[in-house]
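Only one structure is covered here, and it is reproduced in the block below.
Please read these numbers as outputs of a predicted model, since none were measured by experiment.
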Amino acid sequence: MALQVYNTLSKKKEDFVPLEPGKVSFYVCGVTVYDHCHIGHARSAIVFDVIYRYLLRVGFQVTYVRNFTDIDDKIIRRAQEEGTDYRAIAEKYIAAFHEDMNALDVLPPSLEPLATENIPQMIEIIELLMEKGIAYQSGSDVYFQVEKYPDYGKLSGRTLEDMVAGSRVEVDPNKKNPLDFVLWKGSKPGEPAWESPWGPGRPGWHIECSAMGERFLGKTFDIHGGGKDLIFPHHENEIAQSEAAHNRTFVRYWLHNGFVNIHNEKMSKSLGNFFTIRDVLERVHPESLRLFVLSKHYRSPVDFSDETVGEAERGLERFYHTLGTVEGRTPPEESPPADDKALRSQDPELFEELERMPLRFREAMDNDFNTAQAIAHLFTLQRHLQRFMDRFGQKKLKGPAAQLARKAHDVLVEHGRVLGLLTRSPGRFMEEQKKLKIQLTGLTEEEVEQLIAARQEARKAKDFGEADRIRTDLEGRGILLEDSPQGTRWRVSV
RNA sequence: GGCGGCAUGCCCAAGUGGUAAGGGAGCGGUCUGCAAAACCGUUAUUCACCGGUUCGAAUCCGGUUGCCGCCUCCA
């Protein structure tokens with residue numbers, strides 16, 4: 001079975017066939033760098049990161065471009081407010097964006113072009129549109145005349161008549177049609193400006209993606225992604241500009257991710273109901289956030305709440321717990337490796353599960369990147385593996401049993417990583433999780449360790465009343481204790 | 001007003017015509033000094049509602065209700 005993707009343009013799932021066999025040209029709209037990113041941006045970044053990872057995994061050579069919009073009204077306003085230059089603002093928030101992406105284990109794209117470094121390419125397209133009579137100058141601005149592009153509206157599924165009729169767009173005396181959009185914006189004195197045939201100015205928002213897509217991926221490329229809110233007008237306008245200028249298909253597959261909601265409402269800057277990535281990472285492990293995002297299909301809305309994120313956290317802890325159990329109770333490698341028959345005889349069900357994993361995982365992901373289903377398969381394998389480990393009590397495994405457990409462990413990790421999950425050692429994950437969560441309790445690790453030691457003394461002396469008192473007290477402060485033959489482990493539950 | 005999406009157990013969630021995955025929570029059990037964790041068992045004759053197509057529908061078609069999004073900057 002081949003990869004199928006839902007194409008916003010056709011409103012259908014289609015077989016994915018790249019323009020050039022074996023190669024994928026992939027563009028995702030990045031962010032406008034005027035502020036910190038919120039978890040809506042995180043979702044988009046994570047979703048397309050997984051798509052990128054999956055395309056690589058199935059063997060495509062991928063050129064992945066994600067731009068930065070580093071010049072626009074909001075950046076200029078921000079610079080004025082802070083009494084600085086637009087460049088300083090852009091640089092600051094590009095750095096912050098990279099920090100956030102690193103924290104989220106989002107892989108760097110092949111290229112991260114800046115709008116301001118591609119202005120000649122934008123001017124070229126605008127000139128072409130002017131020559132063809134599709135664009136017009138009005139005052140110091142240049143507009144795209146939507147009526148000259150008959151397919152206008154094909155991505156968002158509406159017609160010019162529909163839009164004009166119910167339009168909330170204010171009538172702009174410069175425009176021939178209220179839906180005409182700006183390609184080049186004349187600068188006011190004091191504003192950043194670039195020279196152009198139409199006087200000093202700056203590019204309109206939409207033209208940058210047309211120019212950068214074309215420059216780095218070609219006049220026609222395979223995939224263009226972004227949030228659903230970009231379908232109109234941003235992507236609609238990109239199509240209009242590029243296709244009107246070159247008379248050829250701009251993008252073959254349009255992919256759009258759903259929103260992050262808060263209490264069932266879209267999170268957005270304008271509504272003010274947003275959490276920045278860095279704020280959330282103060283109390284949620286980045287992998288938990290990834291699992292949370294990927295637990296639902298990328299096109300559906302996802303509701304962000306303590307409860308839904310908490311579920312992801314507990315799920316991830318379960319994965320790592322099982323991985324840790326295997327690592328702690330099996331030798332890393334044994335030779336000669338047992339053959340399949342020997343492995344299967346240890347636990348036919350577990351063996352079947354791990355044998356089926358690659359195919360099931362692939363089927364899920366081939367189905368328009370169904371990460372929720374892929375994760376369900378991972379959980380099923382985890383449960384079988386943990387069940388197998390439990391059969392041996394606390395004993396260490398050896399021989400074929402150990403090898404079967406190791407193999408299942410490796411299969412779990414290998415597939416998890418395609419989703420950017422299970423990338424750490426269990427020990428490191430638990431440590432990071434503890435360090436993150438302990439801050440929320442007001443306790444320090446040392447204090448917890450001391451109390452655990454005191455409880456250990458009480459337990460030795462069979463003073464269970466005192467031992468339980470300490471445990472209950474810690475529990476009240478968000479610390480849960482787990483006794484095991486290897487000692488007492490603790491974790492934070494807040 | 002126009003366009004589009006969604007409605008699955010207590011909660012989250014997959015399901016793309018063949019008889020309801022997975023996770024969380026709850027309850028019962030195993031383990032434990034007692035717990036916790038883990039594992040086992042258990043929780044939808046039913047998929048918002050009403051019609052229709054079909055041997056067969058959560059899945060297709062029509063209608064109703066509710067929620068959400070886009071049409072303005074927005075991932």
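Among the heavy atoms of the strands lying under 4.0 Å from A/Glu482 is at least one base atom, whether or not backbone atoms are also near. Residue A/Leu230 is classed as a sugar-phosphate contact, given heavy-atom separations below 4.0 Å to backbone atoms only. Contact annotation for A/Glu307: backbone-only contact, meaning every heavy-atom pair under 4.0 Å involves sugar-phosphate atoms and none involves a base. Among the protein residues, A/Lys228 comes within range of no part of the nucleic acid, since none of its heavy atoms lies under 4.0 Å from any strand. In this structure, A/Gly40 reaches the bases: a heavy-atom distance under 4.0 Å links it to at least one base atom across the strands shown. Using a 4.0 Å heavy-atom criterion, one finds that A/Gly258 contacts the bases of the nucleic acid, with or without backbone contacts as well. A/Asn370 comes within 4.0 angstrom of sugar-phosphate atoms only, judged by non-hydrogen atoms across all strands, and of no base. Nucleic acid contact for A/Val260: base, since at least one base atom lies under 4.0 Å from a heavy atom of the residue. Within the nucleic acid shown, A/Phe379 comes within 4.0 Å of sugar-phosphate atoms alone, with no base atom in reach, counting heavy atoms only.
Using a 4.0 Å cut-off, some side-chain N or O of A/Arg318 falls inside it from OP1 or OP2 of B/rC39. OP1 or OP2 of B/rC70 has at least one side-chain nitrogen or oxygen of A/Lys266 nearer than 4.0 Å. In this structure, A/Arg383 reaches the B/rG23 phosphate: one of its side-chain N or O atoms is under 4.0 Å from OP1 or OP2. A close approach under 4.0 Å does not occur between any side-chain nitrogen or oxygen of A/Arg471 and OP1 or OP2 of B/rA36. Distances shorter than 4.0 Å separate some side-chain N or O of A/Arg314 from OP1 or OP2 on B/rA25. Contact annotation: A/Gln382 side-chain N/O to B/rC39 OP1/OP2 distance is under 4.0 Å.
Judged by the 6.0 Å and 45° rule, A/Lys269 forms a cation-pi pair with A/Phe274. For the pair A/Arg77 and A/Tyr34, the cation-pi criterion (under 6.0 Å, within 45° of the ring axis) is not fulfilled. A cation-pi arrangement, defined by a distance under 6.0 Å to the six-membered ring centre and an angle within 45 degrees of its axis, is absent between A/Arg318 and A/Phe379.
Across the C1' atoms, B/rC60 and B/rG18 are found 14 Å apart, a figure rounded to whole Å. For the C1' atoms, the distance linking B/rU46 with B/rA20 amounts to 8 Å, nearest Å. Distance noted for atom C1' between B/rC27 and B/rA48: 29 Å (whole Å). Across the C1' atoms, B/rA7 and B/rU64 are found 13 Å apart, a figure rounded to whole Å. B/rG69 and B/rG62 are spaced 24 Å apart, taking the C1' atom of each and rounding to whole Å. For the P atoms, the distance linking B/rA13 with B/rU19 amounts to 25 Å, nearest Å. Rounded to whole Å, the P atom of B/rC50 lies 13 Å from the corresponding atom of B/rU59. For the P atoms, the distance linking B/rC47 with B/rG9 amounts to 10 Å, nearest Å.
The nearest whole Å value for the distance from the CG atom in A/Leu291 to the C1' atom in B/rC12 is 12 Å. If you take CZ of A/Arg387 and P of B/rG41, they are 6 Å apart, rounded to a whole angstrom. Rounded to an integer number of Å, the gap from CD of A/Glu238 to P of B/rA75 is 13 Å. Summarising the geometry, the separation between CG on A/Leu271 and P on B/rA75 is reported as 13 Å, rounded to the nearest angstrom. Atom OH in A/Tyr320 sits about 18 Å away from atom C1' in B/rA37, given to the nearest Å. The CZ atom of A/Phe392 sits 17 Å away from the C1' atom of B/rC31 (whole-angstrom rounding). In this structure, CE of A/Met430 is placed 10 Å from C1' of B/rA37, rounded to the nearest angstrom. Between the C1' atom of B/rA38 and the CG atom of A/Leu381 lies a distance of 16 Å, rounded to the nearest Å.
Base pairing of B/rG41 is made with B/rC27, judged by Watson-Crick or G-U wobble geometry with both donor-acceptor distances under 3.5 Å. Using N1 to N3 plus N6-O4 or O6-N4 for Watson-Crick, or N1-O2 and O6-N3 for G-U wobble, each under 3.5 Å, B/rC34 pairs with nothing. With both pairing distances under 3.5 Å, B/rU19 is matched to nothing as a Watson-Crick or G-U wobble pair. In this structure, B/rG62 forms a base pair with B/rC50, meeting either the Watson-Crick or the G-U wobble geometry with both donor-acceptor distances under 3.5 Å. For B/rG69, the paired base is B/rC3 (Watson-Crick or G-U wobble, both distances below 3.5 Å).
Residue order along RNA chain B, read from the 5' end via each residue's closest nucleotide, puts A/Asp303 first among A/Asp229 and A/Asp303. Sequence order on RNA chain B of the closest nucleotides to A/Thr380 and A/Gly465 puts A/Thr380 first from the 5' end.
The closest side-chain heavy-atom distance from A/Ser187 to A/Pro192 is not below 4.5 Å. When side chains are defined from C-beta on, A/Asp15 does not count as touching A/Val5, because their heavy atoms never get closer than 4.5 Å.
Contact of A/Asp468 with B/rG33 (side chain to base): a donor-acceptor pair of N or O atoms is detected under 3.5 Å. Side-chain N/O atoms of A/Arg459 and base N/O atoms of B/rG33 include a donor-acceptor pair closer than 3.5 Å. Counting distance only, with no hydrogens placed and no angle test, the side-chain atoms of A/Asn261 and the base atoms of B/rC67 include no donor-acceptor pair under 3.5 Å. The base of B/rA75 is not paired with the side chain of A/Arg43 by any donor and acceptor separated by under 3.5 Å.
Here the nucleotide nearest the side chain of A/Asp390, chosen from B/rC67, B/rA38, B/rA75, is B/rA38. Considering only the side chain of A/Ala376, B/rG22 comes nearest among B/rG15, B/rG22, B/rC3. Which of B/rG33, B/rC12, B/rA75 sits closest to the side chain of A/Thr308 comes down to B/rC12. Relative to the side chain of A/Gln373, the nucleotides B/rA14, B/rC73, B/rA37 differ in distance, and B/rA14 lies closest. When distances run from any side-chain atom of A/Pro233 to the nucleotides B/rC70, B/rG22, B/rC73, the shortest one goes to B/rC73. Of the listed nucleotides (B/rC71, B/rA13, B/rA36), B/rC71 has the atom at the smallest distance from the side chain of A/Met163. When distances run from any side-chain atom of A/Glu311 to the nucleotides B/rA75, B/rC34, B/rC12, the shortest one goes to B/rC12.
The pair A/Arg459-A/Asp483 counts as a salt bridge, with a side-chain nitrogen and a carboxylate oxygen less than 4.0 angstrom apart. Salt-bridge formation is detected for the pair A/Asp73/A/Lys185: a Lys NZ or Arg NE/NH1/NH2 atom is positioned less than 4.0 Å from an Asp or Glu carboxylate oxygen.
Within 6.0 Å of NZ in A/Lys12 there are 12 or fewer heavy atoms belonging to other residues, nucleotides or ligands.
For the pair A/Arg424 and A/Tyr320, the tightest heavy-atom approach, listed with the atom from each and the gap, is N-OH, 3.1 Å.
Look at A/Phe259 and the base of B/rG69; the rings do not stack under the cut-offs of 5.5 Å between centres and 30° between planes.
The aromatic rings of A/Trp254 and A/His235 lie tilted to each other, with the angle between the two planes from 30° to 60°.
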